[in-house]
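Sequence positions, counted from 1, serve as the residue numbers for this chain. As a basis for the values below, the full set of heavy atoms in this structure was taken, side chains included, without hydrogen atoms, waters or symmetry mates. Source: prediction; values computed, not measured.
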Amino acid sequence: MWDGSTPSSAPSSYEVSGNDIVIRDAAAFAWFAAQSETDDFEGKKVTLAANIDLNGKEWSPVAPGARDGSSFDETSCPFKGSFDGARLTISGLSITSAATEELGSAAADRALGLFGVVAGGTVGNFKLTEVSINVPDNECVGSAVGLLTDGGSVTNVSVGGSLTAKNGNGGVVGRLTESGSITDCSNSAEVTATGNGGNTAGIVGAAYYTRENEEMNITGCSNVGKISGGTGVGGIVGLSAANVKNCSNDGEISGNNTSVGGIIGEQRNYGEVSGNVNTADVTNTNDGAFGTGGIIGWIR
């Protein structure tokens, strides 16, 4: 059982052969996370070979960093490789540490999740169970990836547990910016934005800052978890400038300000929305707020 520590040297369960890396237990996964502080893994493939139990110990993300506007800041070491979970399960992911002091004013935008920043890399094919993330002051938080950008992708990831953050939080991905895709992902976790926070959803909290001549795509995703927050609350996406297609929501959606929708809280600037289905209740507890809908709360 993993004790929450990082090995002082590569364990035998962390196998490297050229650009191929195989991870066989939690200690090897922790070593992988430690290496990502200086290695972006570009051109490398990392594959799970066994279920991983993180045992509810405090987790420091693979590829740590922080959001800065539409991208990431200079403190970041984004993941640019390929991570294949081989349809295995990662259980017991726990994050409660608000931020590191060295980030200074960027502390709230620290990207938190199993992975912090994924830029152009691919992450997919695994289940996250027993997730417990509680960082009420942070604004870039997803169970799988905190910040996805620069054409990166998250595919076939399912999430269960609970996630609480201030803003920009999603069951699977916190924020998707500039270009990238989230495909065939599902969430059953309860996702909550604290205070008047928002841009909160079952799949991705916010997908925006679309890069010229490129797209963001959210396709074939589903949510059954309860989603609640202030403004920009959705079953699939809280704030969107993405193409959102063939997604479904069966989880209760509750907001207390503008832009609350069964699929998307607010759709703005760009993107096509088609083929989506919501069957759940959508509630706005603020009688004076506008923008509440079964599919989209507010289209700008």
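A donor-acceptor pair under 3.5 Å is absent between the side-chain atoms of Ser248 and the main chain of Val277, judged by distance alone. Listed for the Asn138 side chain is no donor-acceptor partner under 3.5 Å among the backbone atoms of Cys140. At least one donor-acceptor pair closer than 3.5 Å links the side chain of Ser143 to the backbone N or O of Gly171. No donor-acceptor pair closer than 3.5 Å links the side chain of Ser222 to the backbone N or O of Ser186. With Asn217 contributing its side chain and Ser181 its backbone, the two residues share no donor-acceptor pair below 3.5 Å. Distance alone, capped at 3.5 Å, places no donor-acceptor pair between the Asn243 side chain and the Gly271 backbone. At distances below 3.5 Å, not a single donor-acceptor pair connects side-chain atoms of Trp31 with backbone N or O atoms of Ala34. Using a distance-only test at 3.5 Å, with no hydrogens or angles considered, a donor-acceptor pair links the side chain of Asn278 to the main chain of Gly294.
Between Asp184 and Thr219 there is no side-chain heavy-atom pair separated by less than 4.5 Å. The shortest side-chain heavy-atom distance between Phe32 and Val62 falls under the 4.5 Å cut-off. Ile95 has its side chain within reach of Val135: a pair of non-hydrogen atoms, C-beta onward, lies under 4.5 Å apart. In this structure, the side chains of Asn187 and Val224 stay at 4.5 Å or more apart for every pair of heavy atoms. Between Asn249 and Thr279 there is no side-chain heavy-atom pair separated by less than 4.5 Å. For the pair Phe41/Ser36, a side-chain contact is recorded, criterion being any heavy-atom separation below 4.5 Å from C-beta on. Here the side chains of Asp20 and Lys44 are not in contact, with every heavy-atom distance at 4.5 Å or above. Counting heavy atoms from C-beta on, the side chains of Tyr208 and Asn269 never come closer than 4.5 Å.
Of all heavy-atom pairs spanning Asp25 and Ser13, the tightest one is OD1-OG, 2.7 Å. Across all their heavy atoms, Thr89 and Asn51 have their closest contact at N-OD1, 2.9 Å. The two atoms that bring Lys45 and Thr47 nearest to each other are CE-OG1, 3.6 Å, heavy atoms only. For the residue pair Pro61 and Arg110, the shortest heavy atom distance occurs at CD-NH2, 3.9 Å.
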Show your working on side chain to side chain donor-acceptor pair (under 3.5 Å) between Thr283 and Asp281 and close with a plain yes or no. CA-CA 6 Å; Thr283 303; Asp281 290 339; 5.9 Å; no
Apply side chain to side chain donor-acceptor pair (under 3.5 Å) to Thr96 and Asn134, showing your working. CA-CA 5 Å; Thr96 59; Asn134 185 12; over 6 Å; no
Step-by-step side chain to side chain donor-acceptor pair (under 3.5 Å) determination, Thr122 to Ser82: CA-CA 5 Å; Thr122 64; Ser82 170; 3.3 Å; yes
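For Asp73 and Ser76, the side-chain atoms include at least one donor-acceptor pair closer than 3.5 Å. In summary, the side chains of Asn257 and Asn286 do not present any donor paired with an acceptor at a separation below 3.5 Å, with no hydrogens or angles considered. Residues Thr292 and Asn284 have side chains that bring a donor and an acceptor to within less than 3.5 angstrom of each other. With 3.5 Å as the limit, one finds no donor-acceptor pair spanning the side chains of Thr285 and Asn256. Checked by atom type, the side-chain pair Ser179/Glu215 shows no donor-acceptor distance below 3.5 Å. The closest side-chain donor-acceptor pair between Thr258 and Thr231 falls under 3.5 angstrom. A donor-acceptor contact closer than 3.5 angstrom links the side chains of Gln267 and Ser240. Counted by atom type alone, Ser70 and Glu178 present one or more donor-acceptor pairs between their side chains at under 3.5 Å.
Classification of Asp150 and Lys80 as a salt-bridged pair fails, no side-chain N sitting under 4.0 Å from a carboxylate O.
Ring geometry for Phe290 against Trp298 counts as perpendicular: the plane angle is over 60°, on a 0 to 90° scale with 30° as the lower cut.
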